[in-house]
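These numbers come from the heavy atoms of this one structure, side chains and all, not from hydrogens, waters or symmetry mates. In what follows, chains carry the letters A, B, and so on, assigned in the order in which the sequence lines appear, proteins first and then strands, with residues in each chain numbered from 1.
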Amino acid sequence: MSGFTKQKQQLAEIIESALQVLIDQKQLELDSMPEINLEVPREKAHGDFASNVALVLAKPAKKNPRQLAELIVASLPEHPVIDKVEIAGPGFINFYLTNQWLYDVLLTIEQEQLAYGANSFGNGERVLLEFVSANPVGPMNVVNARAAAIGDTLAKLLAAAGYSVATEYYVNDAGVQTEVFGRSLEARLQQLANPDYPFPEDGYPGAYVSELAERLKAEKPELLNQDYAERVEFCRIWGIDQMVEWQKQDLADFGVTFDRWFRERDLHEAGALEDIIERLTERGYMYEKDGAFWFRSTVFGDDKDRVIIKQDGTYTYVTADIAYHYDKLKRGFTKLIDLFGPDHHGYIARMKAAVQALGYPEDALEIMILQYVALLRDGEQVKMSKRAGEFITLQDLMEEVGRDAARYFFLMRSPDSHLDFDLTLAAEQSNENPVYYIQYAHARICSILQQAKEQGVTLKQAKEVSLDLLVQEQELDLIKKMAELPEELLMAATQREPHRMARYALDLASQFHSFYTHCHVLSEADELRDARLVLTNCVKIVLQRTLGLLGISAPERM
RNA sequence: GCGCCUGUAGCUCAGGGGAUAGAGCAUCGGACUUCUAAUCCGAGUGCCGCAGGUUCGAUUCCUGCCAGGCGCGCCA
């Protein structure tokens with residue numbers, strides 16, 4: 001524990017002991033010790049930390065808040081970290097601390113290096129994060145890309161928060177759409193020799209299908225001698241495999257890899273669908289109606305029951321998905337997190353119902369819904385038409401704006417928010433682009449450290465330098481910002497809000513740029529220079545740490 | 001009709017039971033003989049969608065309404 005968390009806890013304990021004194025002296029009557037909140041005031045003039053304890057206790061203690069605050073302050077024990085205490089506003093107790101706790105933050109950062117900010121909150125709980133899971137019949141779109149960026153960062157955040165995280169991509173390679181895909185590819189293959197060969201009405205029109213057809217023709221020319229059903233089936237299997245490899249490559253280029261690509265096909269082959277039907281039947285959640293078999297999901301709050309076996313005897317996609325989630329749970333994961341696109345929110349209730357029907361707690365499954373992405377270019381929304389095969393893919397996006405910018409833009413908004421992705425701004429390598437603003441801070445630091453080296457100045461350890469020379473406003477603000485990381489990281493992980501990290505990186509860079517302008521490093525007297533070098537190096541570590549969580553590179557030169 | 005998300009500065013969006021609501025962009029004005037000016041410093045803007053409720057205190061929580069987006073298949 002470090003930084004803010006530690007300080008808050010320490011102050012909370014101090015306040016608590018003051019309350020205990022008052023209770024012992026019978027100046028205060030309380031049924032129970034309240035939870036004591038410390039917050040960092042918006043206004044610097046309100047101290048380093050403030051507590052509303054007197055406001056909260058005013059009513060149960062039957063005293064007016066300012067009087068109560070007076071009593072508490074009078075009973076506060078002496079403590080070396082406290083510089084002074086004031087009562088302000090309606091009854092806030094404002095604490096002003098000595099700078100030592102900030103200097104301690106630098107020691108912590110230096111010691112923990114790139115692990116700085118991590119904690120063991122998750123207690124090693126096994127979490128399975130499933131995201132992207134785009135159908136393997138087309139290129140990945142921008143919502144898939146957003147899911148990739150958010151899922152990847154969330155996985156890193158959860159790992160940093162002490163969870164044992166695995167990531168998975170579910171490949172829908174067994175559904176009707178793969179059939180359509182197989183027929184589309186077969187048609188394109190035929191068209192290479194016979195342009196009049198009919199293309200399926202519901203087929204996938206994209207140029208990538210034709211490209212696959214050409215490769216297929218080169219690799220397996222004898223395919224055309226087989227009968228139609230065999231050709232289509234081969235096209236389906238071979239084509240889907242190619243598509244999956246393509247998606248894998250695109251995601252890898254985007255910096256996103258998965259621990260496992262889970263094939264729906266494997267579930268069918270293993271009889272997993274029959275298994276869950278049996279299990280649901282045993283547990284009394286299945287019934288027959290209108291020639292179909294239904295899952296009684298309404299028992300667990302779903303709008304309506306769901307068909308599991310259709311009239312024609314085949315399964316629905318829900319059946320496979322239930323089997324997949326059951327598989328995850330059987331593998332020992334106690335928390336499943338799914339990232340879905342905005343068109344799947346109706347899905348939450350039925351899947352949570354399924355998890356419960358299978359005998360697991362409701363909160364074993366958590367589904368996050370990402371909102372839509374609108375692409376803007378030169379202030380105009382980019383029109384996309386899936387039917388006409390006109391859309392911007394993840395690949396296009398990386399080519400246009402670069403991987404770092406793309407990741408940052410996807411991560412900078414709350415997952416709940418619709419995202420306006422400004423391609424023009426993202427592609428711009430200028431001061432308007434927040435990605436470069438952050439990276440530039442890192443490059444500047446590297447430059448300072450490099451020049452120090454060239455001048456024969458070695459970077460000392462924090463304990464070897466006079467940190468108490470760091471007293472400028474910009475220096476202290478900078479350290480405070482770094483002290484915030486552990487708490488921000490925990491919030492981002494537990495609230496599933498990776499955009500907090502994007503914001504944090506921007507704030508930290510901003511504090512550094514301000515420090516850079518106001519406080520020179522290398523031109524100062526040796527002692528101050530050494531202290532500032534330590535500070536600068538700590539900022540480098542924290543920036544790298546944050547950018548690492550975001551999956552964005554930290555260039556040494558720009 | 002039902003469900004999910006959103007509504008905060010001119011634009012894009014953060015924030016969040018408390019003290020004077022923030023950032024970036026855009027606009028205007030300053031700062032480079034000194035570690036990278038992709039930077040910094042300064043200036044202005046807000047019925048926090050509307051109406052009730054809970055509270056010592058609501059922009060934040062609750063309810064209703066309005067507006068925008070999306071979804072409600074024996075499709076995946």
> Between atom CG in A:Leu425 and atom P in B:A23, what is the gap in whole Å?
Replying inline: 18 Å

>> When the P atoms of B:A23 and B:U45 are compared, how many Å lie between them, rounded to an integer?
In response: 12 Å

> Nearest to the side chain of A:Gln451 - B:A37, B:C70, B:C35?
Replying inline: B:C35

>> Can you identify which nucleotide, out of B:A14, B:A19, B:U34, has its nearest atom closest to the A:His520 side chain?
In response: B:U34

> In the structure shown, which nucleotide is the Watson-Crick or G-U wobble counterpart of B:C65, with both distances under 3.5 Å?
Replying inline: B:G49

> OP1, OP2 of B:C75 versus side-chain N and O of A:Tyr347: anything below 4.0 Å?
Replying inline: no

> Hey, is A:His345 stacking on B:G71? Ring centres under 5.5 Å, planes under 30°.
Replying inline: no

>> Generate the contact string for nucleotides 41-46 of chain B. Rules: B means base contact, S means sugar-phosphate contact only, - means no protein heavy atom under 4.0 Å.
In response: S-----

> Can you list the steps and then say if A:Asp404 with A:Gln439 is a side chain to side chain donor-acceptor pair (under 3.5 Å)?
Replying inline: CA-CA 10 Å; A:Asp404 287 338; A:Gln439 291 181 323; 3.0 Å; yes

> Please give, in whole Å, the distance from B:C5 C1' to A:Ile348 CD1?
Replying inline: 10 Å

> Are A:Glu168 and A:Lys328 close enough for a salt bridge, meaning some N to O gap below 4.0 Å?
Replying inline: no

> Is there a donor-acceptor contact under 3.5 Å linking the side chains of A:Tyr347 and A:Asp321?
Replying inline: yes

> If you check the A:Asp290 side chain, which of B:C74, B:C70, B:G73 turns out closest?
Replying inline: B:C74

>> Could you tell me how far B:U60 sits from B:U54 if I compare only their P atoms? Round to whole Å.
In response: 14 Å

> For the pair made of NE2 in A:His344 and C1' in B:C75, what is the distance, rounded to whole Å?
Replying inline: 10 Å

> Picking from B:A19, B:A14, B:C35, which would you name as closest to the side chain of A:Ser414?
Replying inline: B:A14

>> Of the listed nucleotides (B:A38, B:U20, B:C40), which one gets closest to any side-chain atom of A:Glu43?
In response: B:U20

>> Quick check for you: among B:A38, B:A19, B:C70, whose closest atom lies nearest to any side-chain atom of A:Tyr372?
In response: B:C70

> Since syn is defined as within 90° of 0, does B:C28 count as syn or as anti?
Replying inline: anti

> Between B:A76 and A:Lys310, is there an OP1 or OP2 to side-chain N/O distance shorter than 4.0 Å?
Replying inline: yes

>> Can you identify which nucleotide, out of B:A19, B:U39, B:A76, has its nearest atom closest to the A:Tyr437 side chain?
In response: B:U39

> Starting at the 5' end of RNA chain B, which residue's closest nucleotide do you reach first, A:Cys519 or A:Ile309?
Replying inline: A:Cys519

> Is there a Watson-Crick or G-U wobble partner for B:G3 with both distances under 3.5 Å, and if so, which one is it?
Replying inline: B:C70

> Parallel, tilted or perpendicular: which describes the rings of A:Trp261 and A:Tyr169, with under 30° parallel and over 60° perpendicular?
Replying inline: parallel

> A:Arg503 side chain: which of B:C74, B:A76, B:G22 is closest?
Replying inline: B:G22

> Hey, which of these two, A:Pro41 or A:Phe515, hits RNA chain B nearer its 5' end, going by closest nucleotide?
Replying inline: A:Pro41

> Does B:U34 pair with anything, Watson-Crick or G-U wobble, both distances under 3.5 Å, and if so, with which nucleotide?
Replying inline: none

>> Please name the nucleotide paired to B:G10 by Watson-Crick or G-U wobble geometry with both distances under 3.5 Å, or report none.
In response: B:C25

>> Measuring to OP1 and OP2 of B:A37, would you say a side-chain N or O of A:Arg444 lies under 4.0 angstrom away?
In response: yes

>> Between B:A43 and B:G22, how many Å separate the two P atoms, rounded to a whole number?
In response: 13 Å

> According to the 5.5 Å centroid and 30° plane-angle thresholds, does A:Phe92 stack upon the nucleobase of B:A19?
Replying inline: yes

> Taking the C1' atom of each, how far is B:C50 from B:A67, in whole Å?
Replying inline: 11 Å

>> Say we look at B:G57 and B:G1: how far apart would their C1' atoms be, to the nearest angstrom?
In response: 39 Å

> Sequence neighbours excluded, which residues qualify as salt bridge (charged side-chain N to carboxylate O under 4.0 Å, His left out) partners of A:Glu233?
Replying inline: A:Arg236

> How does protein contact run along nucleotides 7-12 of chain B, one letter per nucleotide 5' to 3', with B for base contact, S for sugar-phosphate only, - for none, heavy atoms under 4.0 Å?
Replying inline: -----B

> Which of these nucleotides, B:C40, B:G71, B:C35, is closest to any side-chain atom of A:Ser447?
Replying inline: B:C35

> Using atom P of each nucleotide, how far apart are B:U8 and B:U59 to the nearest Å?
Replying inline: 16 Å

>> Using a 6.0 Å cut-off, check whether atom CD of A:Glu274 has over 12 heavy atoms from anything other than its own residue.
In response: yes

> Which residues in residues 493-501 of chain A have at least one heavy atom lying under 4.0 Å from any atom of RNA chain B?
Replying inline: A:His499, A:Arg500

> Which residues pass the side chain to side chain contact (heavy atoms under 4.5 Å, CB included) test with A:Gln474, sequence neighbours left out?
Replying inline: A:Gln472, A:Ser514, A:Phe515, A:His518, A:Cys519

>> Using a distance-only criterion (donor-acceptor N/O pair, under 3.5 Å, no hydrogens), is the base of B:A19 paired with the side chain of A:Asn52?
In response: no

> Is the shortest side-chain N/O distance from A:Lys304 to OP1 or OP2 of B:G73 below 4.0 Å?
Replying inline: yes

> Given the P atoms of B:C61 and B:G24, what is the spacing between them in whole Å?
Replying inline: 26 Å

>> Taking only the P atom of each, what is the distance from B:G17 to B:U12 in whole angstrom?
In response: 26 Å

> Can you tell which of B:A19, B:C35, B:C72 lies closest to the side chain of A:Ala50?
Replying inline: B:A19

> Taking CG from A:Asp302 and P from B:C2, how many angstroms apart are they, rounded to a whole number?
Replying inline: 18 Å

>> Just to verify, what does A:Tyr326 make a side chain to side chain donor-acceptor pair (under 3.5 Å) with, not counting sequence neighbours?
In response: A:Arg279

